[in-house]
Amino acid sequence: MIETTFNPKDVEPRWSKAWEASGAFKPAPEGEPFCIVIPPPNVTGSLHIGHALNNTLQDVLARFERLRGKSVLWQPGTDHAGIATQMVVERQLAQEGNIGRREMGRADFVKRVWAWKEQSGGRILEQLRRLGASCDWSRERFTLDEGLSNAVRKVFVQLHGEGLIYKDKRLVNWDPHFETAISDLEVVQREVSSHLWRIAYPLEDGSGEIVVATTRPETLLGDVAVAVNPSDERYKNLIGKQVRLPLTDRLIPIIGDDYADPEAGTGAVKITPAHDFNDFKVGKRHGLPLINIFTSRATLNEAAPLPFQGMDRFAAREAVLRALEEQGLRRGEEAIRHSEPHGDRSGAVVEPWLTDQWYVDAPKLAAKAIAAVEQGKTVFVPKNWEKTYFEWMRNIEPWCVSRQLWWGHRIPAWYDDAGNPFVAETEEEAQTLARLHHETTEDVSLRRDEDVLDTWFSSALWPFSTLGWPEETPELKRFYPTATLVTAHDIIFFWVARMMMMGLHFMKDVPFREVYIHALVLDEKGQKQSKAKGNVTDPLDLIDKYGADALRFTLAAMAAQGRNIKLGEQRIEGYRNFGTKLWNAARFSQMNECAVWDAYDPRSPKETVNRWIVGETAKAAAAVTADLEARRFNDAATTIYRFVWNVFCDWYLEFIKPPLSGEDESAKAETRRTTAWVLDQILILLHPFMPFITEELWARLGDFGQKRDGMLITSNWPQLPASLIDGAAEAEIDWIVGLIEGVRSTRSELNVPAAAKVPLLLIGADKASEARLERYQGLIDRMGRLEYSTTDEAAPAGAVTFVLEGATVALLLEGIVDFAAEAERLKKEIAKLDAEIAKTEAKLGNADFIARAPDEVVEEQRERLEDAKAARTKLDAARQRLEGAR
RNA sequence: GGGCGGUUAGCUCAGCGGUAGAGCGUCUCGUUUACACCGAGAGGGUCGGCGGUUCGAUCCCGUCACCGCCCACCA
């Protein structure tokens with residue numbers, strides 16, 4: 001016997017193992033391919049609520065398509081997450097009081113990171129298994145494993161050969177904490193309080209001074225000019241003069257350039273080409289020198305005047321201001337708020353810094369990636385994200401891919417002593433290139449590039465590298481392009497765009513046909529969850545508390561397109577209860593020997609309730625299917641929820657209690673089989689959302705009935721024709737439901753004690769209602785808590801009535817309710833009807849409405865008016881009778 | 001400065017040209033033999049403001065207000 005509550009803790013691990021062991025997660029040999037590549041989580045990370053949502057949705061799709069008979073490959077794996085992982089390990093070293101990364105040396109440090117990866121790397125995938133993710137775990141990949149590293153080298157070398165990767169010396173965003181370049185995307189702007197300082201630069205000829213405004217006085221030491229706008233009357237006659245750069249012995253020119261905005265600051269702007277992106281451009285235009293005053297750690301180098309050398313940039317700022325003060329060159333300041341660039345991982349203020357880096361020619365690669373989306377080869381769901389994608393892609397900058405880190409793919413470039421680079425997949429090939437270059441047969445002394453690649457470089461190859469590229473594997477052939485990518489909008493630029501570029505370039509086709517962009521999961525206040533804020537909800541805690549099914553269902557039910565999710569725990573509790581409800585429906589079914597029967601034909605039932613529930617099942621199945629196809633996860637979840645609870649449990653299971661305990665053996669058998677069949681359909685429809693409880697019930701219900709062929713996970717999605725919907729059965733059941741609801745509502749409003757059984761009379765019933773009453777008498781009496789029910793000519797005094805299609809319903813409540821309460825109830829009902837009558841009459845009185853509205857709408861309004869009037873007449877009669885009785 | 005989204009019941013959110021919905025919470029009632037992680041019933045909304053289109057607008061268009069996010073800039 002099934003117990004009264006479902007215990008996820010016992011059941012979940014069992015099925016996780018069984019599914020995997022059975023090979024159900026591997027793609028079926030036959031069937032239309034359907035592939036999803038997982039957004040690889042950081043190898044050393046742990047599951048957060050965003051992963052839970054992301055992977056729930058992927059798993060819903062994977063299980064749905066698998067049930068529909070497709071050959072599903074959900075490709076799992078992890079990302080080496082260069083900067084993030086290096087940071088974690090460095091922090092560990094510090095906490096353990098160990099020597100730091102630099103003291104340790106590169107080889108030992110990298111060994112240490114690998115050790116950490118081996119130790120913690122499997123954790124997040126274990127956590128995904130707990131969520132129920134049906135990935136083909138046998139195909140797990142890691143962005144630094146051999147195959148993927150091979151792909152990375154090949155891509156780098158080929159792009160380099162095509163001129164799409166090149167080395168360049170220019171300003172980059174430099175993170176002084178990690179001492180590495182980072183890409184534009186890894187820079188986050190933060191509002192900070194600061195000052196705008198005004199500083200006087202004396203004119204060389206002693207004829208006065210020019211005042212510049214700056215938020216970064218320390219960079220003055222690297223100034224090479226002062227720019228003014230040529231149209232600025234205040235300054236234009238100063239162009240060409242020299243000023244004495246304070247605190248140094250340098251003379252620098254005043255130049256005219258449109259970049260200087262007469263409205264901003266003082267209208268005169270200091271130019272520091274080595275430390276500001278705009279100044280860099282100005283410097284280029286005017287052929288100005290670049291003076292780099294910072295070290296890689298953003299302390300002042302030997303290019304700065306002696307007293308400032310070795311100072312940290314912020315200390316230098318104070319020192320420069322003090323020195324200027326002493327020399328009487330400060331001309332005031334104002335407090336301002338402005339945004340300042342920070343490294344997204346380190347939090348350090350990013351410094352524009354002049355270095356040699358490798359760049360990918362993103363503007364060139366973007367062209368095809370833009371066209372593919374324009375042509376609909378890849379579609380975004382919801383579609384409006386395409387706009388974001390286009391906006392970024394059309395303004396894309398070269399992608400700086402080299403990082404001065406140790407954890408990652410080493411750049412496949414070797415240098416000779418003169419610094420000439422030789423890009424090749426192996427050192428031997430580089431050696432060959434070097435010999436050719438030097439026209440020698442001797443070994444050339446080579447050293448490998450110290451740098452590694454941006455983590456996103458290898459992620460960009462994920463859809464084909466995980467399938468075996470550059471080998472032409474059967475999987476690559478079969479599953480590329482993949483079907484759907486499921487991800488959040490915050491990595492459209494980081495990842496989606498770059499996969500599009502790389503996929504189109506190397507595979508000549510898009511990496512995925514569809515990009516489903518889901519919500520971000522926020523805390524209850526609508527804030528982004530972060531460890532720093534301490535507002536993270538751990539999905540594993542939620543799984544422990546409510547079960548994976550409840551968490552999954554909640555996330556899916558809240559995944560409405562285009563809106564973020566504010567997750568509250570009560571909601572999860574509610575869906576846990578839903579699981580219990582289903583569990584108990586199965587329990588009921590088992591207690592009543594509703595055994596599954598292979599040969600069941602849903603067209604076969606004769607009993608109205610059975611015909612009705614078959615039709616309702618067909619409707620629900622069609623709706624869930626359509627919702628999932630349209631990626632309306634929330635609608636699909638709501639549909640199945642309502643069908644299970646509000647249709648199957650609330651009504652059908654109540655309806656079948658009389659036949660299940662009745663004498664009619666054929667009706668009983670039919671009802672048992674129908675119940676078992678409907679429950680099976682429910683389990684299948686719900687399985688993508690709640691895999692564990694449904695699989696468990698599938699097994700248990702199969703056991704006491706006929707043995708099943710296999711597990712639910714590999715069963716078949718229902719395809720039920722609309723012809724199963726029986727209009728007559730529907731009308732009949734609707735009438736019964738209306739009657740029972742009327743009885744319950746009336747009783748409750750008049751405070752009839754629940755224990756009181758009252759008689760019911762159907763007054764002036766037409767043939768159909770009379771027949772229905774007779775057929776369902778036992779049921780109606782039971783659900784309405786009636787003493788008996790029958791038909792009669794007229795309602796006796798003291799009866800309380802309400803109106804139903806085809807009859808007036810009278811409850812004999814004399815002595816139980818007081819007339820005042822009933823009069824009040826009638827008055828309320830009549831007022832409601834009057835309002836509706838007035839509204840509908842107004843509508844129908846409008847000639848334009850009659851002329852322009854569709855006929856069916858007009859007809860509907862006419863019917864509504866008629867019904868309301870009829871009901872009104874009946875209630876009026878009831879009121880008069882009540883008056884008379886009083 | 002550019003772009004995107006939001007504003008619907010006490011709370012969290014669906015819906016979307018034709019009688020306003022759910023979950024949770026609230027109130028009343030309930031030992032009806034699947035389920036109190038339950039059952040029955042009730043209350044609760046001028047669908048942010050103002051205009052417009054339409055026979056009809058919560059839904060479409062315009063505009064304003066407030067909230068959030070992204071990009072760019074910031075001397």
Side-chain angles (χ1 to χ4, degrees), chain A residues 2 4-6 184 189 194 196-198 212-216 227 259-261 263-271 276 278-279 336-340 382 384-385 387-388 391-392 395 489-490 492-493 520 522 524 526-528 546 550 554 557-558 560 562-571 573-592 632 634-635 638 641-642 646 649-650 653-654 657 661 740-741 744-749 751-755 782-783 785 835-836 839-840 843 846-854 856-858 860-861 864 868:
Chain A
I2 294 175
T4 56
T5 52
F6 168 64
D184 299 346
Q189 301 292 335
S194 180
L196 187 61
W197 288 278
R198 283 188 292 278
V212 300
T214 182
T215 53
R216 302 209 54 195
Y259 167 65
D261 176 1
E263 304 296 315
T266 61
V269 57
K270 60 196 270 320
I271 300 298
D276 182 283
N278 287 312
D279 292 6
I336 56 161
R337 282 190 72 75
H338 72 142
S339 56
E340 204 175 41
N384 56 320
W385 288 109
K387 206 164 173 175
T388 304
E391 185 63 24
W392 191 69
N395 296 293
H489 69 76
D490 54 349
I492 291 177
F493 306 148
L520 298 176
L522 309 173
E524 278 142 316
Q527 291 187 312
K528 213 166 170 171
Y546 302 103
T554 307
M558 295 182 84
R563 192 154 177 160
N564 287 336
I565 294 176
K566 281 184 227 170
L567 188 65
E569 213 171 306
Q570 279 185 328
R571 194 82 185 253
E573 194 180 332
Y575 290 126
R576 186 269 321 265
N577 296 351
F578 172 60
T580 308
K581 186 75 181 176
L582 173 70
W583 188 257
N584 279 287
R587 181 168 188 261
F588 172 86
S589 169
Q590 187 185 53
M591 288 169 72
N592 285 284
R632 291 188 304 258
N634 59 320
D635 288 337
T638 305
Y641 179 96
R642 296 177 67 103
N646 303 118
C649 291
D650 285 351
L653 292 186
E654 295 303 325
K657 282 175 183 173
S661 58
I740 292 165
E741 283 180 339
R744 286 171 170 173
S745 174
T746 308
R747 290 178 61 118
S748 178
E749 269 177 69
N751 294 317
V752 177
R782 188 173 160 279
M783 294 184 76
R785 303 193 58 69
E836 186 169 328
K839 196 172 159 188
T840 317
K843 227 176 204 182
N846 182 343
D848 282 336
F849 174 71
I850 304 292
R852 294 175 195 243
E856 69 229 44
V857 173
V858 176
E860 196 187 311
Q861 294 296 320
R864 192 191 299 171

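Throughout, protein chains are lettered first and strands after them, A, B, ... in sequence-line order, and every chain is numbered starting at 1. Being a predicted model, the structure only gives us computed values, none of them experimental.
Not counting sequence neighbours, A:E573 has no partner by the side-chain hydrogen bond (donor to acceptor under 3.5 Å, both in side chains) test. In this view, A:E741 satisfies the salt bridge (Lys or Arg N to Asp or Glu O under 4.0 Å) rule with no residue, not counting sequence neighbours. Qualifying salt bridge (Lys or Arg N to Asp or Glu O under 4.0 Å) partners for A:D635, counting only residues two or more places apart in sequence or in other chains: A:R632. A search for salt bridge (Lys or Arg N to Asp or Glu O under 4.0 Å) contacts involving A:R852 returns nothing, not counting sequence neighbours. Residues passing the ring pair (Phe, Tyr, Trp, His ring centres under 6.0 Å) test with A:F578 are A:F553, A:Y641, sequence neighbours excluded. For A:N646, the side-chain hydrogen bond (donor to acceptor under 3.5 Å, both in side chains) partners two or more places apart in sequence, or in a different chain, are A:D650. Legend: residues meeting salt bridge (Lys or Arg N to Asp or Glu O under 4.0 Å) with A:R864, ordered by chain and number and at least two apart, are A:E860. With sequence neighbours excluded, the residues satisfying side-chain hydrogen bond (donor to acceptor under 3.5 Å, both in side chains) with A:E749 are A:S745. For A:W197, the side-chain hydrogen bond (donor to acceptor under 3.5 Å, both in side chains) partners at least two apart in sequence or on another chain are A:E333.
In RNA chain B, runs of at least 3 consecutive Watson-Crick or G-U pairs, each pair with both distances below 3.5 Å, span B:1-7 with B:65-71, B:10-13 with B:21-24, B:26-30 with B:38-42, B:48-52 with B:60-64.
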Inset, instruction - Spell out protein contact along nucleotides 26-37 of chain B as letters: B when the base is contacted, S when just the sugar-phosphate is, - when no protein heavy atom is under 4.0 Å; keep the 5' to 3' order. - result: ---SS-B-BB-B
Inset, instruction - Any chance you could list the contact pattern along nucleotides 3-9 of chain B? Use B for base contacts, S for sugar-phosphate-only contacts and - for none, protein heavy atoms under 4.0 Å, 5' to 3'. - result: SSSSS--
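Map A:E836 and A:L196 each onto its nearest nucleotide of RNA chain B; the residue landing nearer the 5' end is A:E836.
Closest approach to the A:V857 side chain among B:G41, B:A75, B:G18 is made by B:G18 (side chain taken as heavy atoms from C-beta onward). Side-chain proximity of A:D848 to B:C55, B:A42, B:U19: nearest is B:C55.
Among the atoms of the strands shown, none is found under 4.0 Å from any heavy atom of A:V212.
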